[in-house]
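Below is one structure, written out as structure tokens, with a few remarks after it.
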Amino acid sequence: MKKFLRYLGLGLLSTFLTSTPGLAAERISFFYPPFGEFSLSVDSLETFAKVGKIDQDFSFYASRATPQQLAQLRDLLQQRFNITPTLVSQVTYSPIGEEVVQQLGKLLLTESRQNGFYAIRASLILAAADREGLTVVNLLRKFPSNTVRVNFTEGLRIVDDLSQLLKKKDEVVASLQKEAIAQAANSTVDFSKQPDLRSPGKFRWLKKSLELNDISRSRRLPIDIYLPTTQNSEPTDQNSPSPPFPLIVISHGLASDRSTFVYLAEHLASYGFAVAVLEHPGSNAKRFQQYFAGLASPPEPEEFINRPLDIKYLLDELQRLEKSDPTLHGKLNFQQVGAIGQSFGGYTVLTLAGATINFEQLRQECNPNYSSFNLSLLLQCEATKLPQKNYELKDDRIKAIMAINPIDSLVLGESGISQIKMPVMLIAGSQDIFAPPVFEQIRPFTWLSDPNKYLALIENATHFSAIAEPTPENDILPVPPALLGPDRDAVYSYLNALSVAFMETHLLNRPEYRSYLQPSYATFISKEPLNLSILQSLSVAQFNQIWSASIPQSGKLSNPQPTPR
């Protein structure tokens with residue numbers, strides 16, 4: 001009934017707005033003290049976007065911009081976002097979507113200077129339904145007010161804070177790269193004469209697919225198992241894995257699936273690791289397809305608990321099947337289990353390693369009025385809706401983990417991350433805007449207490465750089481090319497090599513692979529513009545010193561984690 005009323009309301013709103021003459025934004029207005037109020041017609045922007053002409057109304061502003069800035073503005077105005085009105089509706093009516101629109105509404109006000117929340121949501125849906133599609137100009141055309149008032153003072157503050165934050169991030173990354181290069185200079189290893197871990201190993205493997213059914217939680221888990229085989233495999237050295245094979249579990253991120261890391265699963269299997277790749281049904285691509293089509297609710301906060309429980313159940317079932325399934329019998333070593341996860345999957349493997357949910361920090365820092373440049377906090381703060389109790393998420397079978405672009409700063413925090421007592425590798429991309437590296441990987445790296453810890457930092461990599469390109473049927477989120485980053489093949493090769501080196505060293509206790517985890521190896525395999533750095537230590541004091549050194553004289557943004565306001 002609630003969903004029916006939502007669509008009925010949208011239908012009535014659509015009819016009202018499209019049938020009311022003149023109910024659309026004609027001008028953009030902003031107040032810039034002490035100079036007064038300025039405005040610009042939407043027609044002028046549209047003319048500039050379509051034919052590149054700067055009319056008299058727009059010339060006042062255009063004369064104050066560089067040719068490059070004008071070209072960027074025109075590109076933005078011409079950008080069409082190919083998304084359906086149903087998808088826009090589902091997203092903007094979700095808890096996270098409403099929060100994003102509410103924050104945007106502080107900048108784009110109605111004619112009466114009220115938060116533009118409802119006007120923005122309506123115009124987004126109507127623009128997506130229009131034959132011209134969702135563009136900036138069409139969004140303004142559908143805005144149900146004659147004037148869009150821009151909160152210019154707030155906008156300038158946000159731009160200023162963001163520019164300072166980006167500058168500080170770049171300085172932190174540069175400082176860490178400099179330290180890694182200095183450490184690499186002391187190495188005496190000639191990696192050109194060492195085996196190339198970026199190349200496939202000598203094992204052949206077979207793929208087995210199955211679906212597990214956890215009746216107690218109503219969760220069906222599709223699984224792909226990549227199983228090494230000694231049949232027809234090339235000879236290996238005496239220390240190479242043999243049945244039972246060490247087991248690696250891979251956990252995907254939000255709105256993804258088990259195809260995301262096929263390249264990594266196959267590579268690990270070629271080195272003698274059995275790899276189990278599962279899908280989390282509450283937050284996988286299929287669930288989001290259903291959600292965007294209006295056939296399912298958004299992912300529930302319980303996913304913070306269900307995801308690690310999915311992997312616990314997977315391991316339980318594999319232990320059971322290993323005794324009865326001829327394909328698996330004697331092939332899996334449950335004394336040597338590692339886990340790899342990306343984004344939400346990174347959170348998942350951190351909890352399996354012993355990190356605990358920090359409800360106290362979530363309660364203090366998540367509130368309806370928070371504002372942050374860390375987009376992952378929108379998801380992390382959903383955990384506040386969970387019943388607050390001690391969840392048993394750690395799995396003692398797991399002995400080492402790799403977390404790629406993990407989200408963890410609030411939902412786990414220092415008190416949660418510091419509980420981990422096993423080898424950990426965190427992997428960060430310097431241009432990740434969804435799980436910003438300083439807040440979600442670099443600073444949390446200082447909280448890890450186990451001496452066997454590694455931070456792999458990839459310059460110019462984004463949140464999507466480690467992810468394989470989705471298949472057409474699973475390409476559900478239209479990600480702009482600018483957010484995908486440079487060619488991802490280099491990142492795939494880094495992860496292939498580092499995962500083998502890390503798991504051989506810390507899961508199989510083979511010290512001859514430890515040299516591949518040194519800063520000098522990162523220097524050896526780096527390819528511009530995706531330069532790789534590896535750090536093995538960084539204390540809280542060292543991080544704070546680097547962060548403090550980059551604080552501008554104004555003293556703004558003195559907190560490394562932009563706290564919700």
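Both backbone and side-chain heavy atoms feed into the values below; hydrogens, waters and symmetry mates do not. Because the structure is a prediction, the values reported are computed rather than measured. This chain uses plain numbering: 1 for the first residue, then up along the sequence.
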| Would you call Asp450-Lys421 a salt bridge at under 4.0 Å N-O? | no
| query | Counting distance only, does the side-chain N/O of Ser175 pair as donor-acceptor with the main-chain N or O of Glu171 below 3.5 Å? | reply | no
| query | What pairs with Lys207 under side chain to side chain donor-acceptor pair (under 3.5 Å), at least two apart in sequence or on another chain? | reply | none
| task | State whether Lys168 and Asp161 are salt-bridged, where the test is any N-O pair (Lys NZ or Arg NE/NH1/NH2 against Asp/Glu carboxylate O) under 4.0 Å. | result | no
| request: Any chance you could measure Thr446, atom OG1, to Arg443, atom CZ, to the nearest 0.5 Å? | output: 7.0 Å
| Listed once per pair and sorted, the ring pair (Phe, Tyr, Trp, His ring centres under 6.0 Å) pairs that draw on residues 401-425, sequence neighbours left out | none
| message | Quick check: Phe245 with Phe273 (ring centres under 6.0 Å apart)? | response | no
| Do the side-chain N and O atoms of Asp432 and Thr462 include a donor-acceptor pair separated by under 3.5 angstrom? | no
| field | Test side chain to side chain donor-acceptor pair (under 3.5 Å) applied to Arg219 - qualifying residues, sequence neighbours left out | value | Glu303, Asp310
| said: Could you tell me if Arg307 sits above the aromatic ring of Phe344, with its cationic atom closer than 6.0 Å to the ring centre and no more than 45 degrees from the axis? | reply: yes
| request: Go through the steps for Gln319 and Arg397 under the test side-chain hydrogen bond (donor to acceptor under 3.5 Å, both in side chains), then give the verdict. | output: CA-CA 11 Å; Gln319 282 189 294; Arg397 289 167 292 195; 2.7 Å; yes
| With a 6.0 Å cut-off on ring centres, are His267 and Tyr226 close enough? | no
| note | CD1 of Ile225 to CD1 of Ile223, rounded to nearest 0.5 Å, is 7.0 Å
| said: Pairing donors with acceptors under 3.5 angstrom, does anything connect the side chains of Arg363 and Thr384? | reply: no
| message | Quick one about Thr351 and Lys394 (side-chain donor to acceptor, distance below 3.5 Å, no hydrogens or angles considered), yes or no? | response | no
| message | So does His329 get a backbone contact from the side chain of Lys323, meaning a donor-acceptor N/O pair under 3.5 Å? | response | no
| request: Could you check Tyr454 against His506 for ring-ring contact (aromatic ring centres under 6.0 Å, His included), going step by step and ending with a plain yes or no? | output: CA-CA 12 Å; Tyr454 307 86; His506 294 293; 5.5 Å; yes
| said: Once side chain to side chain donor-acceptor pair (under 3.5 Å) is applied, do any residues pair with Asn509, and if so which ones, sequence neighbours excluded? | reply: none
| task | Please determine if Asp325 and Lys208 form a salt bridge, counting it only when a charged side-chain N lies under 4.0 Å from a carboxylate O. | result | yes
| said: If only side-chain N and O atoms count, and only distance matters, is there a donor-acceptor pair under 3.5 Å linking Glu414 with Ser418? | reply: no
| request: Salt-bridge test for Asp170 and Lys167: reply yes if a basic N is under 4.0 Å from a carboxylate O, no otherwise. | output: no
| query | Distance-only, no hydrogens or angles: does the Asn284 side chain make a donor-acceptor pair with backbone N or O of Asp257 under 3.5 Å? | reply | no
| request: Taking atom types as modelled, find out whether Asn405 and Ser343 have a side-chain donor-acceptor pair closer than 3.5 angstrom. | output: no
| request: Taking atom types as modelled, find out whether Gln102 and Glu98 have a side-chain donor-acceptor pair closer than 3.5 angstrom. | output: no
| said: Test your reading of the model: is there a side-chain donor-acceptor pair from Tyr313 to the backbone of Asn213, 3.5 Å cut-off? | reply: yes
| query | Do side-chain atoms of Lys286 reach the backbone of Ser283 as a donor and acceptor pair under 3.5 angstrom? | reply | no
| query | Relative to the ring of Tyr347, is the ring of Phe304 parallel (under 30°), tilted (30 to 60°) or perpendicular (over 60°)? | reply | perpendicular
| task | Specify whether Phe464 and Phe434 have parallel, tilted or perpendicular ring planes, treating 30° as the upper limit for parallel and 60° as the lower limit for perpendicular. | result | perpendicular
| remark: Rounded to the nearest 0.5 Å, the CD1 atom of Ile433 sits from the NZ atom of Lys169 at a distance of 10.5 Å
| Polar side-chain atom of Gln336 near backbone of Leu508 as donor-acceptor pair, under 3.5 Å | no
| query | Between atom OH of Tyr521 and atom OH of Tyr494, what is the distance when rounded to the nearest 0.5 Å? | reply | 10.5 Å
| request: Please confirm whether the backbone N or O of Ser415 pairs with a side-chain atom of Gln419, one donor and one acceptor, at under 3.5 Å? | output: yes
| said: Rounded at 0.5 Å granularity, tell me how far CG in Leu362 sits from CD in Gln380. | reply: 7.5 Å
| request: Kindly say whether Asn306 contributes a backbone atom to a donor-acceptor pair with the side chain of His280 at under 3.5 angstrom? | output: no
| Residues two or more places apart in sequence or in another chain: which of them pass side chain to side chain donor-acceptor pair (under 3.5 Å) with Ser187? | Ser520
| request: Determine the interplanar angle of the Phe261 and Tyr263 rings, folded into 0 to 90°, and report it as parallel if under 30°, tilted if 30 to 60°, perpendicular if over 60°. | output: tilted
| query | Say you draw a straight line from CG of Leu268 to CD1 of Ile340; how long is it, rounded to the nearest 0.5 Å? | reply | 5.0 Å
| Sub-3.5 Å donor-acceptor pair from the side chain of Ser499 to the main-chain atoms of Leu495, do we have one? | yes
| query | Are Arg488 and Glu469 ion-paired here, with the side-chain N under 4.0 Å from a carboxylate O? | reply | yes
| message | Could you check whether any side-chain N or O of Ser376 sits under 3.5 Å from a backbone N or O of Ala435, counting only pairs where one atom can act as donor and the other as acceptor? | response | no
| Centroid-centroid distance, Tyr516 to Phe502, less than 6.0 Å | no
| said: Show every side-chain hydrogen bond (donor to acceptor under 3.5 Å, both in side chains) that has at least one partner inside residues 529-539, sequence neighbours left out. | reply: Glu459-Asn531, Ser539-Gln542
